[in-house]
Amino acid sequence: MKKQIALLIKSSCFLVLLCTLMLAASYLFMPKNNHKAFGVNDAEMLARGILGERENSIDVLVVGDSEAYSSISPMQMWEEHGFRSYLCSTPAQPLYDSYRYLRQALERQSPSVVVLETNAIFRPYKLNDYLLSRAKNLFSILRYHDRWKSLKVNDFGRPVEYTWTDDLKGFRYNPAVAAASTKNYMVPTDAVTPIPALNESCLQDMITLCQEKNAELILVSTPSTINWNQARHNSIAAFAKENDLTYLDLNTMPKEVPIDWARDTRDRGDHLNFAGAVKVSAFLGKYLQETYSLPDHRDAAHDSSWNDALGRYRNIVRG
Amino acid sequence: MTSYCSLLYLAAFLPAVVLVYRILPQRLRWVALLAASYTFFWSVSGKLLVFLLFSTVSIHHFGLWLSAEQQDRDYRLAAAAPAERKAIRQRFMRRQRRILLFASLLHVGILITLKYAAFFSTNLNTLLHALRFPVSLPVPAFLLPIGISFYTLQALSYLLDVYRGTIRADRNLARLALFLGFFPQIMEGPICRYGQTAQQLWEGRPITWQGLTFGMQRILFGLIKKIVIADRLNLLIKTVFNDYALYDGGVIALAMVCYTCQLYMDFSGTMDVVIGSAEIFGVRLPENFRQPFFSRSISEFWMRWHITLGTWFKDYVFYPLSMSGPLKKLTGAARRRLGNHYGPLLSGSFALGVVWLCNGLWHGAGWHYIFFGLYHFALILAGSLFDPLAQRVTGFLHIDRNALPYRIFQIVRTALLVCVGELFFRANGLRAGLAMFHTMVTDFTPVSFLNRSFLTLGMDKQDFIIVAVAVGLILLIGILRERGMSLRETIASRPVALRWSVYYAAFFFLVIFGAYGVGYVPVDPIYAAF
C-alpha cells in the first residue's frame, strides 16, 4: 500500500511537471500577434482579425464556414447601417471550431447578436478531431508546434499583443461567376436531415455561452444550391423552434434576397460571389438593424478606423 | 478510430480500457479485453464485425471437429490390432485433411472474395477483351473488414496447429475470440500463434508498474517513428509518386529511399505502439522487426522484417510444400544430378516461389505487389545460386567476409536492393513502377540536388534536418540493440532526474517535431490497408 501511494505521488509529480512544461512551451510557441507574419496560419488569420478590434466594439459576430465569408460583407452593412460586425469564419469550419472562435471573441467583445451560418451544423467530424481540438485549446503548442521552423529570440519573452485587423472584417471578396443549376434546389419535402449528435451538443454549448454573454444567437442559412436543401431547412427550423431561436433561411426568401443563380455564384452554386454577397448583406444588414436596434457608429468621432477601412474596402470591391 | 496513433486511441480508448481492466477482478479481465476489442473493431469497420464473428465461430467449430476426429482416432488405435493401426491412421489423416481443406477454403475464400475479386475480374475482363470474347464479368467492390488479412492468417495457423497436434483445440469460444480479435493487434498484427498469446490474454495478468511504464515508453518511441519521421516523409513521397513523370532519376531515387524509410518507420512504429499497448496488460506479443536494415542479405532481411508474416509462410507454406511427396522425390532426383548444393535448391525454389507469390499477393490485389514478391524471390534465389561463386571470388581476392568494410558493403547492397523493391511496392501500379525504375536508371542526375529544387517537393531544409536527426537517433538505438543493450532498462536504472529528462525530451521531440495539424494530412498506418 505504501509503495502504491509512493508510485501515485511520483506519477502525479511527473504529470504535473509535464503539464507545466506543456503550458510553458505553449506560451513560447504561441504567435505573439494575430498576423501571419507572427505564425498564424493563412486560413485562421482573417478570422482572428477580430482580436485586433477595439474591446467591446463589435455589435454582430458571425461564425461559420466558407458560406459565411462568401455571403456576408460587414463593410457593406457598416456603410449602409453603421453597426460593426465581424466574420470569424474559416474554410470547412467544423462546429467545434465555430464554438472556439465564438468563445475566444466573446472574451473581449460583447456583441448584441451572434449569427451562426448553418452549413457547419451538417459537417460531420470525427471524435478524434474534436478531442484534438480540445487538446489544442488546452495546450496551444499542439496547434502551433510547427512554428519551430520560424521561432525567434523574441518569442521567448515577448508578451502577446493582438494589433492587426482585417479591412474586410473577415469577408472574402470574389467576383468570379460560374452559373449554377437550380434543378434540384429546395425541392419541397417533409424529410428532415438529422443533425450529427456531436454537433447538436456543440450547438447547445453555443446557446448557453450566448445566454451567459447576453447575446442573441440567430441561425442564418445563406443561399447555396449545392449545400442547402429542404430537408436541412426542416431540420434547422425544428431545432430553432425547439430552442426558441430566430432562424432565417435565405434560400426560402427569393423576394427579400433575389439571388440570380446565373450571375451571383462563383462556383456553380456552392458559394455566392460578390454580387450575391451584396444582396445578402443588404437584406441581413437591414434585418439586423431593424430587429435588434443596433447603434450607428459611423459618426463616432473617437474612432475613424472603420471609415478608413471602408475606403480601402471600396477600392478593393470597385477595382 | 482509424489509427493506433490517434489521440482518441491513445488518450481516451486505451486509458479507459486500462482503467476498467484494473478495476475488474482477475477472472473477469478477459471480458474487458474482449469487449474493448469488439468495440475497437466496430468503431473501424462497423457491421463488418460480422466477418470476425463468423471467423471466430467457424474456427472454434472446425477446431473441435478436428479434435473430435483425433480423439476418435486415438480411441480406435488403442483398441486396434497393430496390423490395423497404419490403415486407421491413414483413414483419419484423410478425414482431418478434408476438414482442414474445407475450413481453409472457407476462410481463404472469404479473404479472396473480399480482397481480390475485383482484381481477378478486371484482369479476366482484360484477357477476354484481348481474346475478343464478347463477355464482360461484373467487377465487384466489397468493403474490407479491418485486419482481415491478419486475423485470417491467425485463424488458419490455429487450425493447422490443431491438425498437427501442436496445440489442443480450445473449447472456450471467448478465449479464441480474444486471441483472434485482441484490439492492439487486429489492425496490423503481429500475426500471433495461439500458443503465444491466447493464454496470456485469458489469464488477466495484473497491470504492473514496470509493464505500464515500459509499455508507455514503447508507445512513445513508436509515435516518434511514425509521426516525426514517417508522416513527414509522406509530404515528399506523395508529391513524387503521384507525378513521377515530372521528375528526374535523382529525385525518383530520393523518393524511393524516403519511401523505404517511411514504410519501416510507419510499420515498425505502429508495431511499437501495438506491442507497448499489449505490454501494459502484461501481454507479450511477438516482435515483428529486428533492425532489418542491418541485414547482410535479402534472406536475412526477411528474417528481421515483418517477422511474424515470414515465419507464418515458412511454417505453413514453405515447409509443408518442401516436405510434400512430389517435392521430396524431385529433391532426391535433383540431388543425384546436380549435387548437394544445387539439387535441393532446385526443388526448394519451387516452394520458395509459391511463398513469395503468396507474400506479394497478401500485401494487396495488384500486379506491382506480385512483382514485389517475385522480385524478392529472384533475389533470394540468386543469392543462393551465386553464393558458392561469391565465396570463391572473395577467397581469391583475399577479402575477409567478416571484416567490417565487407559487412558494410553487404548491408548497403541489401538496403539498396530492398529500396528498389519498395519502389515497385509503393508505385501506383506496375506500369508506374517500371516507368519510375526506368527513369531512375536512365535519367539519374544530381541536378535537382545541386540546384536545390528537391527542397520544393513538400519537404524543406528544416524537414530534412529533423528527419535526419530522428533517423540518426533510431539508427543509434538500433546499433545499441544489435549489441544486446536494452535501452529502457538502462534508462530505468538511472537517477530520477536523468530518467525524467529523457522521457520529457522524447515527449517534446514528438510534440514539436511531429508532422500533424495544419499543413499535414493525417496518414493512416500503411499496413492497415493490407
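All chains are named by letter (A, B, ...) in the order of the sequence lines, taking the proteins before the strands, and each is independently numbered beginning at 1. Keep in mind it's a predicted model, so treat the numbers as computed, not measured.
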Rounded to the nearest 0.5 angstrom, the CG-CZ distance for A:Asn128 and B:Phe13 is 13.0 Å
Segment of B:Tyr520 engaging chain A (4.5 angstrom heavy-atom cut-off): side chain
What is the ring orientation for B:Tyr504 with A:Phe14, classed by angle as parallel under 30°, tilted 30 to 60°, or perpendicular over 60°? parallel
Could you report the tightest heavy-atom contact between A:Leu142 and B:Tyr516, atom names first, then the distance? O-CE1, 3.4 Å
Portion of A:Lys10 that has a non-hydrogen atom of chain B nearer than 4.5 angstrom: both
Checked A:Lys149, A:Met22, A:Lys126 vs chain B; the most non-hydrogen pairs under 4.5 Å come from A:Lys149
CH2/B:Trp500 to CG/A:Leu18 distance, rounded to the nearest 0.5 angstrom? 10.0 Å
Under 4.5 Å, counting heavy-atom pairs only, tell me which of B:Leu7, B:Asp463, B:Ile466 racks up the most with chain A. B:Leu7
Measure across A:Gln4 and B:Arg22 and return the closest heavy-atom pair with its distance rounded to 0.1 Å. NE2-NH2, 3.7 Å
Is the ring centre of A:His145 less than 6.0 Å from the ring centre of B:Phe513? no
Residue pair A:Asp146 / B:Val518, side-chain heavy-atom distance below 4.5 Å: no
If I measure from the heavy atoms of chain B, does A:Ala135 come under 4.5 Å with its side chain, its backbone, both, or neither? side chain
Give, as side chain, backbone, both or neither, the part of B:Ala12 having an atom under 4.5 angstrom from any heavy atom of chain A. side chain
Top of B:Thr213, B:Ile465, B:Asp460 for chain A proximity - count of heavy-atom pairs under 4.5 angstrom: B:Asp460
A:Phe29, part contacting chain B, at a heavy-atom distance under 4.5 Å: side chain
